[in-house]
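Got a structure for you, written out below as structure tokens; questions coming shortly.
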Number of protein chains: 2
Amino acid sequence: MSQNIYGRPYTVTARGPVLTPCAPHDVLARLGDKWTILIVSLLSLAPENRLRFSEIKNGITGISQRMLTLTLRNLERDGLLVRHYFPEVPPRVEYELSTMGKSMLPALEGFTNWIRSNWTAIEAARQNFDSREQDRD
Amino acid sequence: MSQNIYGRPYTVTARGPVLTPCAPHDVLARLGDKWTILIVSLLSLAPENRLRFSEIKNGITGISQRMLTLTLRNLERDGLLVRHYFPEVPPRVEYELSTMGKSMLPALEGFTNWIRSNWTAIEAARQNFDSREQDRD
DNA sequence: TGCATCAGTTACATGGAGATAACCATTGTC
DNA sequence: GACAATGGTTATCTCCATGTAACTGATGCA
């Protein structure tokens, strides 16, 4: 009786389907934070999907050193990118999308294609909603 | 010279690609919050993609009335679902995926399929990373 | 001597997401 | 008269993501 949708197990009861929390939220939460998808996108554009720390910092407007480090650590922890450290002076570090990270790109791109196609509609819906809400007094 | 990836405009400079922040982060942030994707998933399972407030509340373990209301408002604001209000006593309210909301499902499912396929690898990478980090002293 | 480079780390402050719990109006039922 | 059902709103609290800014260490260069 237990089934699966969007990575989430669910059971169909007399009152309708009942979901239990599960995996995909973790991944969506990671990509939904402020910087992760920008970094992944930037690496997807780079030759060999590989860039230095400073190249990423220069490529993403407004990110601080601290947030870049934190976000890269999280991506490395999840196995989505690989950190190559060269103990030179000054030190050099390169970040590269892992095999798993690269395998994510097509699926992610399919979804972001939908976003690109519908973004103006979403913005219009928001404006419409906000202006209608303004009336209630 | 300006191009587009993942909904984000970028320019290729001598130092590599430079991204400017843009739309898709908004949508990923919405779906990456704690409850949104659970609600969308639940509605995608329902007949006519339509459920009552109380049915959603019963279908999602642990969600509070407040967070359900807030998350539904945000989805309605974005035009991803439609709110049907019936002024009976006690009141009845039904939430239905909009046309745009339904059109999102295939792309979203493609992406969550990738997540489902790679989730165990991600968890393994996390454990590996955490145990290696533990050694450093 | 002093400053720049690179890739960070550390300390501190802040806003907002989310949790918890009480309250609301209307009606039907016991 | 008390209570349940429905679909909320409101107040208060906590915690975490994020921002800002200073500091690090080895070396090259002026």
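Owing to the predicted nature of the structure, the values given are computational and were not obtained by experimental measurement. So you know, we letter chains A, B, ... as the sequences are listed, proteins then strands, and number each from 1.
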**Request:** Mind telling me whether A:F53 and A:Y95 have parallel, tilted or perpendicular rings, with 30° and 60° as the class edges?
**Result:** tilted
Could you write out each protein N or O paired with an N or O of nucleotides 8-11 of chain D at a distance under 3.5 Å?
residue	atom	partner	partner atom	Å
D:dG8	OP1	B:R73	NH2	3.1
D:dG8	OP1	B:R83	NH2	2.3
D:dG8	OP2	B:Y95	OH	2.7
D:dG8	N7	B:Q65	OE1	3.0
D:dG8	N7	B:Q65	NE2	3.4
D:dG8	O6	B:Q65	OE1	3.1

**Asked** How many angstroms lie between OG1 in B:T71 and CD1 in B:I63, if you round to the nearest 0.5 Å?
**Response** 5.0 Å
**Item:** Rounded interatomic separation in angstrom, taking CE from A:M67 and P from C:dT9
**Value:**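 Result: 13 Å.
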**Request:** Answer yes when B:E94 and B:R52 have at least one side-chain N-carboxylate O distance shorter than 4.0 Å, and no when they do not.
**Result:** no
**Item:** Separation of D:dA17 P from A:L68 CG (nearest whole Å)
**Value:** 17 Å
**Request:** Provide, to the nearest angstrom, the distance between the CG atom belonging to A:L51 and the C1' atom belonging to C:dA7.
**Result:** 15 Å
**Message:** How many whole angstroms separate atom CD1 of B:I63 from atom C1' of D:dG7?
**Reply:** 14 Å
**Angle of first-five versus last-five pair axes in the helix from C:dT1-D:dA30 to C:dC30-D:dG1, to 10 degrees** =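 The two end axes of the helix from C:dT1-D:dA30 to C:dC30-D:dG1 meet at 30°.
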**Message:** Between A:T36 and A:L31 (side chain of the first, backbone of the second, donor and acceptor by atom type, cut-off under 3.5 Å), is there such a pair?
**Reply:** no
**Request:** Return no unless some side-chain N or O of B:S64 is found under 4.0 Å from OP1 or OP2 of C:dG18.
**Result:** no
**Message:** Checking side-chain contact (heavy atoms from CB on, under 4.5 Å) between A:W35 and each of A:N74, A:L72, A:I60, which is the one that passes?
**Reply:** A:I60
**Prompt:** Of all the nucleotides listed (D:dT18, C:dT5, C:dG18), which has the minimum atom distance to the side chain of B:K34?
**Reply:**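 Closest nucleotide among those given: C:dG18.
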**Request:** Give the rounded distance in Å between these two atoms: CG of A:N58 and C1' of C:dC6.
**Result:** 12 Å
**Message:** Here's a test of your reading of the structure: between A:Y85 and B:G32, which maps to the more 5' nucleotide of DNA chain C?
**Reply:** A:Y85
**Message:** Less than 4.0 angstrom from a charged side-chain N to a carboxylate O is my criterion; do A:D78 and A:R73 meet it?
**Reply:**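 No, A:D78 and A:R73 are not salt-bridged.
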**Request:** Report the residue (A:V89 or A:G62) whose heavy-atom-nearest nucleotide on DNA chain D is the more 5′ of the two.
**Result:** A:G62
**Nearest-Å distance for atom pair CZ/C1', residues B:R92 and D:dG7** = 13 Å
**Request:** Let me know the distance between CG of A:D33 and P of C:dA17, rounded to the nearest Å.
**Result:**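 Rounded to the whole Å, the gap is 14 Å.
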**Message:** Expressed as a whole number of angstroms, how long is the span from B:L70:CG to C:dG16:P?
**Reply:**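 B:L70 atom CG is separated from C:dG16 atom P by 14 Å.
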**Message:** Can a donor-acceptor pair be found, under 3.5 Å and without considering hydrogens, that links the side chain of B:S64 to the backbone of B:M67?
**Reply:** yes
